[in-house]
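What you see is a predicted model, and the numbers here were worked out from it, not measured in a lab.
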Amino acid sequence: QVQLVESGGGLVQAGGSLRLSCAASGRTFSSYAMGWFRQAPGKEREFVAAISWSGGSTYYADSVKGRFTISRDNAKNTVYLQMNSLKPEDTAVYYCAAEAGPEYGSSLLGMDYWGKGTLVTVSS
């Protein structure tokens with residue numbers, strides 16, 4: 001069992017930055033690929049970014065590429081999402097998720113554990 005707790009959400013103006021954190025507890029954090037997903041009101045949950053268990057590989061949705069950076073600190077059992085140049089369309093609840101294995105499997109359906117989410121609101 002892995003417990004995930006997101007933090008760092010809030011209200012920010014367009015063009016601003018936020019850093020989300022996801023603290024993991026339970027089984028060995030470094031055994032899991034990690035991902036960030038988001039869900040805007042009235043929309044389906046979508047992939048944002050993912051990172052391999054070693055941190056050596058990262059993946060991004062086209063909509064955030066060049067603006068967001070995912071990273072992890074296995075010593076601290078934490079994964080981060082640095083979000084720069086935020087846009088109103090980035091407004092959503094952001095979820096952290098863990099998938100057993102070295103790499104993200106390219107599907108949110110394959111994620112084994114989910115956090116409860118943190119709200120990011122970007123004002124125009």
Side-chain angles (χ1 to χ4, degrees):
Q1 191 79 3
V2 175
Q3 293 79 42
L4 303 171
V5 179
E6 302 94 338
S7 62
L11 174 64
V12 63
Q13 288 188 334
S17 298
L18 281 175
R19 188 175 83 152
L20 305 183
S21 299
C22 172
S25 61
R27 295 195 175 183
T28 306
F29 178 70
S30 58
S31 299
Y32 291 82
M34 299 297 296
W36 286 98
F37 301 81
R38 66 187 182 187
Q39 188 166 17
K43 294 188 177 181
E44 294 187 351
R45 194 170 299 188
E46 64 176 6
F47 168 75
V48 174
I51 189 166
S52 62
W53 65 9
S54 68
S57 300
T58 56
Y59 311 89
Y60 296 95
D62 287 343
S63 59
V64 306
K65 203 171 293 184
R67 299 188 298 123
F68 290 11
T69 303
I70 188 171
S71 61
R72 67 189 294 162
D73 185 337
N74 286 344
K76 295 183 178 180
N77 285 6
T78 303
V79 62
Y80 304 97
L81 185 68
Q82 177 67 43
M83 306 186 295
N84 298 329
S85 302
L86 283 161
K87 304 175 181 179
E89 50 263 44
D90 294 319
T91 294
V93 177
Y94 283 71
Y95 298 89
C96 170
E99 179 177 3
E103 296 286 347
Y104 169 57
S106 301
S107 171
L108 64 84
L109 296 178
M111 306 308 285
D112 297 300
Y113 301 100
W114 291 85
K116 294 184 177 180
T118 185
L119 176 63
V120 172
T121 303
V122 184
S123 63
S124 57

Original post:
Does the cation-pi check pass for Arg72 over Trp53, that is, NZ or CZ under 6.0 Å from the six-membered ring centre and within 45° of its axis?
Top reply: no
Subject >> Test item: Ser54 side-chain N/O and Gly56 main-chain N/O as donor-acceptor pair under 3.5 Å >> reply: yes
Original post:
Would you say the side-chain atoms of Asn84 pair up with the backbone N or O of Ser17, donor to acceptor, closer than 3.5 Å?
Top reply: no
Original post:
When rounded to the nearest 0.5 angstrom, what is the spacing between OH in Tyr60 and CZ in Arg67?
Top reply: 12.0 Å
Original post:
Is it true that Lys65 and Asp62 have a side-chain N and a carboxylate O under 4.0 angstrom from each other?
Top reply: yes
Subject >> Least distance between heavy atoms, Leu4 atom then Ala24 atom >> reply: CD2-CB, 3.6 Å
Original post:
Just how far is it from atom OG of Ser52 to atom CD1 of Ile70, taken to the nearest 0.5 Å?
Top reply: 9.5 Å
Original post:
Is there a path of hydrophobic side-chain contacts, each under 4.5 Å between heavy atoms of I, L, V, M, F, W or Y residues, that connects Leu86 with Val64?
Top reply: yes
Original post:
Got a second to check how far Ser85's OG is from Phe68's CZ, nearest 0.5 Å?
Top reply: 9.0 Å
Original post:
Does anything in residues 115-124 pair up under side chain to side chain donor-acceptor pair (under 3.5 Å), and if so which pairs, sequence neighbours excluded?
Top reply: none
Subject >> Exercise: identify the closest heavy-atom pair between Val79 and Cys96 >> reply: CG1-SG, 3.8 Å
Original post:
Closest heavy-atom contact between Gly9 and Val120?
Top reply: CA-CG2, 4.1 Å
Original post:
Nearest 0.5 Å, what's the CH2-CD distance between Trp36 and Glu6?
Top reply: 5.5 Å
Original post:
Does some side-chain heavy atom of Val48 sit less than 4.5 Å from a side-chain heavy atom of Tyr94?
Top reply: yes
Original post:
Rounded to the nearest 0.5 Å, what separation is found between the CG atom of Asn77 and the CE atom of Met34?
Top reply: 9.5 Å
Subject >> Within residues 95-108 or reaching into it, pairs that qualify as side chain to side chain donor-acceptor pair (under 3.5 Å) - sequence neighbours excluded >> reply: Tyr59-Glu103
Subject >> Leu108 versus Trp114, closest heavy-atom pair with distance >> reply: O-CZ2, 3.5 Å
Original post:
Checking Arg38 against Phe47: charged group under 6.0 Å from the ring centre and within 45 degrees of the axis?
Top reply: no
Original post:
Can any side-chain N or O of Thr58 pair as donor or acceptor with the backbone N or O of Ile51 at less than 3.5 Å?
Top reply: no
**OP:** To the nearest 0.5 Å, tell me how far Met83 CE sits from Asp90 CG.
**Re:** 7.5 Å
**OP:** Determine the minimum heavy-atom distance between Ala49 and Leu81, stating which atoms define it.
**Re:** CB-CD1, 4.1 Å
**OP:** Please report the shortest heavy-atom distance between Thr78 and Ser21, naming the atom on each side.
**Re:** CG2-CB, 4.3 Å
**OP:** Tell me who clusters with Tyr80, hydrophobic residues only, linked when side chains sit under 4.5 Å apart either directly or through other members.
**Re:** none
